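See below for the structure under consideration.
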Amino acid sequence: MKFNRRTHTNGELRFKDAGKTVTLNGWVNSRRDLGGLIFITLRDRYGITQIVFEPEGDKSLYEAAKKLRNEFVVSVEGVVRTRPEDMVNSAMETGEIEVIAEKLVILNEAETTPFPISDKTEASEELRLKYRYLDLRRKEMQNNLLLRHKMYQIVRKYFDSKNFVEVETPVLMKSTPEGARDYLVPSRIHKGKFYALPQSPQTYKQLLMVAGMDRYFQITKCFRDEDLRADRQPEFTQIDVEMSFVDTEDVFEIVEELMKILFKEIKDYDIELPLKRLPYNEAMEKYGSDKPDLRFGMEIVNLNEAVKNSEFRVFKDSSESGIVGGLLAKGCAGYSRSKLDGLTKFVKELGAGGLVWMKVKEGALESPVAKFLSDEEKEKILSAMNAENDDLILIVSGNKNKSLNILGALRLEMAKRMELIKPDTKPSLLWVTDFPLLEWDEETNRYYAMHHPFTSPRVEDLDLLESDPGKVKARAYDLVLNGNEIAGGSIRIHSSDVQHKMFNALGISKDEAEEKFGFLMNAFKFGAPPHGGIAFGFDRMAMLFADKSSIRDMIAFPKTTSALSLMDNSPSNVDEAQLKELHIKIAD
Ligand code: ASP
């Protein structure tokens, strides 16, 4: 079909263009037939322009305009006219003008869309994902992708300016599961063998350091076959970074400057550097989380000392073998019974034995357990909690780690209920440091690397790796924004000897290590520089910068939480012949 190519986009025309003959291409965004005049608005990525069809003009043009419906694709030629002052639409960037149509070509008709293409939508996410190309026509989604694009550009420009080299690493690699499950790709040529999709380019970026690239970055897809949670995707994007001849401080410096630029350019917000650093233990004890949200206080208070001689058994036992931890909800003593029951249910669902609440009223403690507590104990609790009249104290007790985690979740829940985070609350960006190197798993009875098996132990803890592995601290760090981990990394092991010790601590035998990671260990024998790095979860970071709550909104074609693509229906069945070629039989 022959049509006139656009002279302007739909976001471009202004007062100064009055009198010009222009051609616009785009989608019909809306159509109003006012008996005489027909108004349509024409939309493209750049904006919306109003077009007017007048009945007095060309009859066939007017008749054609009558046929227009939403989402028809058209080319319109016409003359730009300024709108009378009282008709100026200040909500529209092109609101000072309209185009009086002289020619119309319908380039494509459109069926009624399953949901309206509007800024805000009531459509279910399922429907939006099924018709993602329509969902992406919406301004909100286009803005998300544009923001994401802007972030890519800032990131690339930044790393380039700092002498980092962008290198692509393979998508088909060796399966070395440690942590998440691998996505596997069967080999046709090598019967019975499989590639894995990378969970991250970790080993490659380390090999690039051995190769002398010195500073590497990549914006890259990673794949993890995990049970998905709301903010996870089976494939996601990392900004992956690695540097040679560095220590933690160098990585921090590079990352902090990038964050400063991103905050300035995206949010026009000046973050203060250097960023706060919080050791893992302190994060857990004060906030019950290794990714604490410090936009509000409400620190966990350890009440062990206050209740150590309590007649109330639960407190006494927990203070001896675990923790009695309290949170102070300022001014919440008015909470009704049903609200408190709701909170009890909340902590029980997380595995707590129960929730003890205490209301501070006229200097006294009102609580179901008050009768078990001596005056001295009550006094001690009040003073440890720094509680005043009208405050509510919430106490969880039991196993230390478990209770801290539950208190951490309760802290966030209370912040939500108390609306402690306001739209103008300052963002909280910090490092969490000094992670344990290893984590004991009761189920499999072995240690797992808390970060990954290539993370270097603290130099002073090296000897402990064999004698008391659980005590070893890692040279690892996470970057946390508003209670979300947005990046994580470490200084790496760069000697094959230490790497062997690490595998040993992980219960990975020499043979297994050789089979899985021999290539890396070998590389370390040929002069590996000290190196370290970090990787950002790009989708999540973009989500936070866009003030959205779902990473799916930041991804053009995401999967559902059950790893389905509703648009193209993947995963899907394949032909018997395809399977045969891959030497695969589906078991019943
Ligand atoms: N590869 C690591 C990850 O994906 C990040 C890093 O250590 O650089 O978590």
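Read the numbers this way: they start at 1 and go in the same order the structure lists the ligands and their atoms. Quick note: numbers below take in every heavy atom, side chains included, and nothing from hydrogens, waters or symmetry partners. Just so we're clear, the structure is a prediction, and the values are computed from it rather than from any experiment.
- Here Glu514 does not pair with Lys510 in a salt bridge; the nearest charged N to carboxylate O distance is not below 4.0 Å.
- At the top of the distance list for atom 5 (C) of ligand 1, counting protein heavy atoms only, stands Gly488 O, 3.4 Å.
- At a heavy-atom distance under 4.0 Å, only side-chain atoms of Arg224, from C-beta outward, approach ligand 1.
- In this structure, Ile300 and Gly408 approach most closely via the heavy-atom pair CD1-N, 4.2 Å.
- Residue contacts with ligand 1 for Gln199 are absent, since no atom lies close enough (heavy atoms, distance under 4.0 Å).
- At a heavy-atom cutoff of 4.0 Å, ligand 1 is contacted by no atom of Glu485, backbone or side chain.
- Judged by distance alone, the side chain of Asp250 and the main-chain N or O of Asp247 form a donor-acceptor pair under 3.5 Å.
- Considering backbone and side-chain atoms alike, Ser200 places an N or O below 3.5 Å from some N or O of ligand 1.
- Shown in contact with Lys205 at under 4.0 Å from a heavy atom are these atoms of ligand 1, numbered in order with element: 6 (C), 8 (O).
- Close approach of ligand 1 to Gly489 is summarised as follows: ligand atoms under 4.0 Å from at least one heavy atom of the residue are 6 (C), 7 (O).
- Near Ile534, the atoms of ligand 1 lying under 4.0 angstrom from a non-hydrogen atom of the residue are 8 (O).
- Residue contacts with ligand 1: Arg492 is placed with a nitrogen or oxygen under 3.5 Å of a nitrogen or oxygen of the ligand (distance criterion only).
- Listed for the Asn399 side chain is a donor-acceptor partner under 3.5 Å among the backbone atoms of Asn401.
- Relative ring orientation between Phe159 and Phe164 is described as perpendicular, the plane-to-plane angle rising above 60° on a 0-90° scale split at 30° and 60°.
- The shortest heavy-atom distance from His451 to ligand 1 is under 4.0 Å.
- The heavy-atom pair separating Pro571 from Leu564 by the smallest distance is CD-CD2, 3.8 Å.
- Of the heavy atoms in Ala535, both backbone and side-chain atoms come closer than 4.0 Å to ligand 1.
- In this pair, Phe454 and Phe503 present their aromatic rings perpendicular. The plane angle is above 60°, beyond the 30 to 60° band.
- When atom types are taken as modelled, the side chain of Arg148 and the backbone of Met554 share a donor-acceptor pair closer than 3.5 angstrom.
- Near Gln238, meaning under 4.0 Å from one of its heavy atoms, ligand 1 places the atoms 3 (C), 4 (O).
- With rounding to the nearest 0.5 angstrom, the CD1 atom of Ile486 is 5.5 Å from the CG atom of Leu429.
- Put simply, no part of Glu242 is less than 4.0 Å from ligand 1, judged by heavy atoms.
- Looking only at protein heavy atoms, the nearest one to atom 1 (N) of ligand 1 is Gln202 OE1, 2.6 Å.
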